[in-house]
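Quick notes on the structure that follows.
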Amino acid sequence: MKKKDIPQDPSVLDNFTKEVSYAVDENGKYTTALSRGWEVKASALSVSWEYIKERVENARQQVVSGQASPILFFLELRIMDLATLAAYTGYWKWTIKRHMKPNIFEKLPEKRLKKYAEVFEVEIEDIRDFKNRTERIEALVAELKESIK
Amino acid sequence: MKIDFEHIQSAHCENGVTTNLLRHYGVSNLTEPLVFGIGSGLFFIYIPFIKVSNGPAFSFRTMPGNIFNRTCKSLGIPVYRKKFRSKEKAEQFLNQKLEENQPVGCQVGVYYLTYFPKEYRFHFNAHNLIIYGRENGEYLVSDPVMEDVTKLTAYELQRVRFAKGALAPRGQIYFPKIVGEVSPEQIKKAIVTGVKRNIRDMLHIPGPIAGVKGIRYTAKKIKKWRDKLGQKEAGLYLAQLVRMQEEIGTGGGGFRFIYAAFLQEARQYVANDELLKISDEFTRAGDLWRNAAVQAAGIYKGRIGTQKDFNDMGDFLLEIAEVEKGAFEALAKLDWK
């Protein structure tokens, strides 16, 4: 990459930092310069976040329609996967999978719900009483969407 | 409590922490490209059966920790490294080091890293930064990918030091034991060791998924993604590839430009102009990776997406594999004088 070609595209890096890029000067010698951003990777990031928002919405539908428990929704909201959630809760992955089934979830003791609430950084009622907390759930989804430009 | 610490921005976090910490501890003639090369940082691996952010796992650099460890080992610099089970002990130890005027490197997860924009806060646990002081209950942070220094409260720092999941930091801190300058001779030896090890990693690692073979393997997979996954998900996989290649902290072109810069710097220690020619090959590779990223962008933005477009994408990687293979083979034949 030539120094003059270092991209200066706007992106979410604005208001955050410029990045150091390595490029060659007119004499072919390596130097560094700052890049504001590159449209190609800004769009890669943005496409990834669009997909995350879809996953969150799909999860919400599944919970509302009784196919999955709220655990699935919050997992997607916090962009975790099973392994990460297992690591934060200390529960085995297969245990969490079971908790994602509505009939198992209904019987979860307070202790488990409290742990999930803590890890997901939500109120215990958001999990326990998901179907009746529509406004609150919508606010959480909106918060996610707001935080990504 | 604020140590007089020089914050210098770098393209990649582990390179930056290595260079800046070593500089503080007395080694002033190292640069980001030098440590990247001495640490044999250039790599490629595609692990198809592991998922990262629900997508394929790619890495364009060697395993986390290797750059710092290998650089220090090559230069005969002893390293102190400690993980903690107790968050309190982890904080106490950090405070003690700061009291002793010793800035330290910390491994952190970025999901809870408050000064990062939300768009970058994934469950990624192999970020590195330096803590160089504490003022009014806040820790002073020199994060090499940032232009300026930043701050974290004790709670915020604890959360990132103890982020969980793959590659969990477990409060890990590391720092070199007090050193002085290293000689040009030592650097030259370290350069040679670093290059030879990098040749090994890129050309001779067994199995299909890593090194130059890994690039070819990925090329073939890309050509099958459209059929196997459908256009949309195949596009998402490509977006993941581009993110791993280009995202903050990689210097663009997946580290290839940093390696090219390393070979130019190595010329100052090893009197062989071949190094400059081979450096050009890595620049070429970096440019090809960037061209491939542009092709990928066309696909994941939905502007193109036929099987031919995926084949073209795969072909980019096949060409890259040839260029990198040739470059490392040339390095293997080099006379190190």
Side-chain angles (χ1 to χ4, degrees), chain A residues 1-3 5-7 11-24 27-35 37-52 54-55 76 78-90 119 121 143-149, chain B residues 9-12 16 32-33 51-55 111 115-123 143-148 163-166 168 232 235-236 238-243 245-249 251-253 257-258 260-262 264-265 276 279-280 283 286-287 290 293-294 296-297 300-301:
Chain A
M1 178 162 63
K2 298 197 172 69
K3 191 172 172 187
D5 297 329
I6 291 178
S11 74
V12 296
L13 289 178
D14 293 350
N15 308 321
F16 171 45
T17 189
K18 292 210 167 91
E19 297 184 277
V20 168
S21 285
Y22 281 81
V24 295
N27 301 318
K29 191 163 186 302
Y30 265 95
T31 180
T32 57
L34 293 181
S35 165
W38 192 25
E39 196 280 318
V40 162
K41 61 177 184 165
S43 57
L45 189 58
S46 146
V47 155
S48 305
W49 276 104
E50 282 310 308
Y51 181 55
I52 288 168
E54 270 178 44
R55 289 183 70 98
E76 295 293 350
R78 297 319 190 199
I79 55 171
M80 293 182 175
D81 54 20
L82 269 181
T84 308
L85 184 54
Y88 273 106
T89 54
V119 167
E121 297 181 281
E143 192 187 347
L144 179 73
K145 292 183 179 172
E146 286 297 299
S147 63
I148 328 288
K149 270 128 223 141
Chain B
Q9 192 185 13
S10 64
H12 182 59
E32 170 165 28
K51 285 284 189 297
V52 166
S53 305
N54 299 299
Y111 183 71
Y115 60 75
F116 263 27
K118 174 70 172 154
E119 290 85 349
Y120 286 92
R121 289 169 54 177
F122 293 96
H123 294 278
D143 183 326
V145 304
M146 306 282 291
E147 281 176 89
D148 286 314
K164 299 220 161 56
K232 180 174 170 187
L236 286 166
L238 287 177
Q240 180 101 318
L241 176 69
V242 169
R243 275 178 51 215
Q245 176 186 322
E246 294 290 331
E247 212 31 279
I248 188 167
F257 298 136
I258 302 179
F262 157 65
Q264 281 189 357
E265 283 192 38
L276 303 178
S279 166
D280 287 345
T283 301
D287 286 334
R290 284 177 73 85
V294 172
Y300 57 71
K301 282 158 81 170

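Naming convention: chains lettered A, B, ... in sequence-line order (proteins, then strands); numbering from 1 in each chain.
Glu119(B) contributes no side-chain N or O that, together with a main-chain N or O of Ala42(A), makes up a donor-acceptor pair within less than 3.5 Å. Put simply, the side chain of Glu247(B) never gets that close to the backbone of Ala44(A): no donor and acceptor are under 3.5 Å apart.
Atom NZ in Lys118(B) sits 6.0 Å away from atom CD1 in Ile148(A) (nearest 0.5 Å). Annotation: the span from Ile52(A) atom CD1 to Asn54(B) atom CG amounts to 8.0 Å, rounded to 0.5 Å. Here Met146(B) contributes atom CE and Glu19(A) contributes atom CD; the two are 11.0 Å apart, rounded to the nearest 0.5 Å.
Taking 4.5 Å as the limit, every side-chain heavy atom of Ile258(B) sits out of range of all side-chain heavy atoms of Tyr30(A). Counting heavy atoms from C-beta outward, Tyr51(A) and Gln240(B) have side chains that stay 4.5 Å or more apart. With a 4.5 Å cut-off on side-chain heavy atoms, Leu34(A) and Glu147(B) count as touching. The shortest side-chain heavy-atom distance between Val40(A) and Glu246(B) does not fall under the 4.5 Å cut-off. Contact of the Phe257(B) side chain with the Ser21(A) side chain is not registered, since no non-hydrogen atoms from C-beta on lie closer than 4.5 Å. Side-chain contact between Trp38(A) and Val294(B) is present, with heavy atoms from C-beta onward closer than 4.5 Å. Side-chain contact between Asp287(B) and Met1(A) is present, with at least one heavy-atom pair separated by less than 4.5 Å.
Looking at Ala168(B), there are no atoms closer than 4.5 Å to chain A (heavy atoms on both sides), in backbone or side chain. Of the two parts of Ile6(A), neither the backbone nor the side chain holds a non-hydrogen atom closer than 4.5 Å to a non-hydrogen atom of chain B. Lys232(B) touches chain A through its side chain: at least one heavy atom from C-beta onward sits under 4.5 Å away, while N, CA, C and O do not. Looking at Ala239(B), both its backbone and its side chain come within 4.5 Å of chain A, counting heavy atoms on both sides. In this structure, the portions of Arg78(A) lying under 4.5 Å from any heavy atom of chain B include both its backbone and its side chain. Contact annotation for Glu50(A): neither backbone nor side-chain heavy atoms come within less than 4.5 Å of a heavy atom of chain B. Heavy-atom distances place both the backbone and the side chain of Pro33(B) under 4.5 Å from chain A. Heavy atoms of Glu265(B) lying under 4.5 Å from chain A are absent altogether. Of the atoms belonging to Tyr111(B), it is side-chain heavy atoms, and not backbone ones, that fall under 4.5 Å from chain A. Only the side chain of Gln264(B) comes within contact range of chain A, judged by heavy atoms closer than 4.5 Å. Heavy atoms of Ala293(B) lying under 4.5 Å from chain A belong to its backbone as well as its side chain. Contact of Ala296(B) with chain A is not made at all, since no heavy-atom distance falls under 4.5 Å.
Here the two rings, on Phe116(B) and Phe16(A), have centers that are under 6.0 Å apart.
Interface summary for chain A: among Val52(B), Leu238(B), Leu236(B), Val242(B), the most heavy-atom pairs under 4.5 angstrom belong to Leu236(B).
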Could you go step by step and tell me if Lys51(B) and Asp81(A) meet the side chain to side chain contact (heavy atoms under 4.5 Å, CB included) rule? CA-CA 9 Å; Lys51(B) 285 284 189 297; Asp81(A) 54 20; 5.6 Å; no
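For Lys2(A), the NZ atom counts as loosely surrounded, since its 6.0 Å shell holds 12 or fewer non-hydrogen atoms of other residues, nucleotides or ligands.
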